[in-house]
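Remarks on the structure that follows.
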Amino acid sequence: MTRRVALLGKPLRRRHSVVMHNAAFAAAGIDAEYILRELEPDEVEGAIAAARGRDWLGLGVTAPYKQVVAEFVDEVEPDAQAIGAVNNIVRRDDGRLVGFNSDAPGFQAAVEAVLDRSIEGLDVVVAGGGGAAHAVVFTCLRAGARTVTVGNRTVEHAEALATRIRGAGSGALEVVDLGGRGFADATERAGLAVNATTVGMLDPGMTIDVNLLRADAVVFDLVYVPPETPLVRAARARGLRAANGSEMLIQQGAIAFERWTGVAGMAGVMREAVAPLLADVTVQA
Ligand code: NAP
């Protein structure tokens, strides 16, 4: 029996996850396939119910369904509950479906590799208040960041984020306007500056003024299409260490793969398989 994992979302334009997971299934000798399922909102509940069957290992979940799927699974893990987003579901042997979040540990693994140290004790500035920003802020606070300043275009969205995430760690969490003085001040103090908006992907430009950053600050842009975002380019031009979101994509994929199959250590296989797609400047955002 060929077992399955399907990614639920709409639209589903990218094939990165298909390429990564199918390469890992092949390398691990597992008879399974990863497929895309573009669904209308009223089809999501049925697709999840069907994944209780023995031929399923689990599901991936992407926009716009990362919040709503929590209602349709049997259990949501505490971190995913705290973040407010489920981006993967694992089918346990008894058929129960458990929602979890791999963006948060994927971000931590990727960002600590660029930092070459842990997040603990850092002052962090984050642009964004959406789903990805929730995972980023949760991770930074949980990992012991000293301060996290969140700047968002719509300040109310960042305030809602703060209300949900504030208890994740003992560091100070502050919400500011993305274009305001408070964000500039936090940028000047930051050891780590993160873009968790779609700017650089859907909209041109960048959210963080790299000229304000300290010479030892690290820039992490969650965007990975295009391969070198304007923010990453500007940071590198200033001589700063900077990375796009490709390693986070790989790390979160490897974490999910291990949950579905019990097989760890597939990040290298995934990285090699997805490299051509990540480097392809013609891939659409
Ligand atoms: P989302 O929930 O739709 O949130 C979008 C965010 O971008 C919001 O904070 C929004 O601000 C902001 N934004 C959009 N247009 C803007 C503009 N013109 N100026 C300033 N801010 C703007 O999206 P998401 O799921 O958080 O994803 C955000 C990015 O992270 C995407 O590029 C996604 O591909 C990337 N991501 C990468 C990974 C990875 O593994 N590398 C994982 C997850 C997400 P408002 O609140 O004001 O609308």
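Both ligands and their constituent atoms are indexed starting at 1 by order of listing.
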V223-ligand 1 polar pair, N/O distance under 3.5 Å | no
K66 N/O to ligand 1 N/O under 3.5 Å = no
Do T154 and N152 meet the criterion of a side-chain donor-acceptor pair at a distance under 3.5 Å?
-> no
When you measure from atom 37 (C) of ligand 1 to every protein heavy atom, which one gives the shortest distance, and what is it?
-> L222 O, 3.3 Å
Side-chain H-bond candidate by donor/acceptor type, N87 with S102, under 3.5 Å = yes
Decide whether T229 and N244 meet the rule of one side-chain donor and one side-chain acceptor closer than 3.5 Å.
-> no
Atoms of ligand 1 less than 4.0 Å from V199 heavy atoms?
-> 16 (C), 17 (C), 18 (N), 19 (N), 20 (C), 21 (N), 22 (C)
Given A132, G151, A63, which one has a non-hydrogen atom that is nearest to atom 44 (C) of ligand 1?
-> A132
Atom 47 (O) of ligand 1: which protein heavy atom is closest, and how many Å away?
-> T154 OG1, 2.5 Å
For atom 18 (N) of ligand 1, grab the closest protein heavy atom and report residue, atom and distance to one decimal in Å.
-> D203 OD2, 3.2 Å
Among all protein non-hydrogen atoms, which one is nearest to atom 23 (O) of ligand 1, and what is the separation to 0.1 Å?
-> T198 CG2, 4.3 Å
Can you check whether M20's main-chain N or O pairs, donor with acceptor, with R271's side chain at less than 3.5 Å?
-> no
The closest protein heavy-atom partner of atom 46 (O) of ligand 1 is H157 ND1, 2.6 Å
Counting each atom of ligand 1 from 1 as listed, which ones have a heavy atom of G128 under 4.0 Å away?
-> 9 (O)
Closest non-hydrogen protein atom to atom 11 (O) of ligand 1, residue and atom name please, with distance?
-> N152 OD1, 3.3 Å
Enumerated ligand 1 atoms positioned under 4.0 Å from heavy atoms of G245 | 39 (C), 41 (N)
Under 4.0 Å, heavy atoms only, figure out whether ligand 1 is touched by the backbone of Y224, its side chain, both or neither.
-> side chain
Atom 3 (O) of ligand 1 protein-contacted, heavy-atom criterion under 4.0 angstrom | no
Give the numbers and elements of all ligand 1 atoms closer than 4.0 Å to a heavy atom of G131.
-> 2 (O), 26 (O)
Considering only heavy atoms, which of A196, A133, S246 lies nearest to atom 28 (C) of ligand 1?
-> A196
Does CD in E120 sit with more than 12 non-hydrogen atoms of other residues, nucleotides or ligands closer than 6.0 Å?
-> no
Relative to ligand 1, is R153 under 4.0 angstrom through side chain, backbone, both or neither, heavy atoms considered?
-> both
Applying a strict 4.0 Å limit to heavy atoms, is G129 in contact with ligand 1?
-> yes
Establish whether I119 and V150 are linked, either directly or via other cluster members, by ILVMFWY side-chain heavy-atom contacts under 4.5 Å.
-> yes
Is it the case that one hydrophobic cluster holds both V136 and L249, taking links as side-chain heavy atoms less than 4.5 Å apart, direct or via other members?
-> no
For atom CZ of R233, decide whether the heavy atoms of other residues, nucleotides or ligands shown that lie under 6.0 angstrom number more than 12.
-> yes
Please report which non-hydrogen protein atom sits nearest to atom 29 (C) of ligand 1, along with the residue it belongs to and the distance in Å to one decimal place.
-> T197 O, 3.4 Å
Can L7 be reached from I48 by stepping across I, L, V, M, F, W or Y side chains whose heavy atoms are under 4.5 Å apart?
-> no
Is R241 positioned over the aromatic face of F220, cation under 6.0 angstrom from the ring centre and no more than 45 degrees off axis?
-> no
Under a single-linkage definition using a 4.5 Å side-chain heavy-atom cutoff for Ile, Leu, Val, Met, Phe, Trp and Tyr, are V114 and M206 assigned to the same hydrophobic cluster?
-> no
Look only at the side chain of R164 and the backbone of Q81, and say whether a donor-acceptor pair between them is shorter than 3.5 Å.
-> yes
Nearest to atom 42 (C) of ligand 1, what protein heavy atom do you find, and at what distance?
-> M248 CE, 3.6 Å
Inspect the surroundings of CZ in R3 and state if more than 12 heavy atoms from other residues, nucleotides or ligands are less than 6.0 Å away.
-> yes
Just which atoms of ligand 1 are under 4.0 Å from any heavy atom in M201?
-> 31 (C), 32 (O), 34 (O)
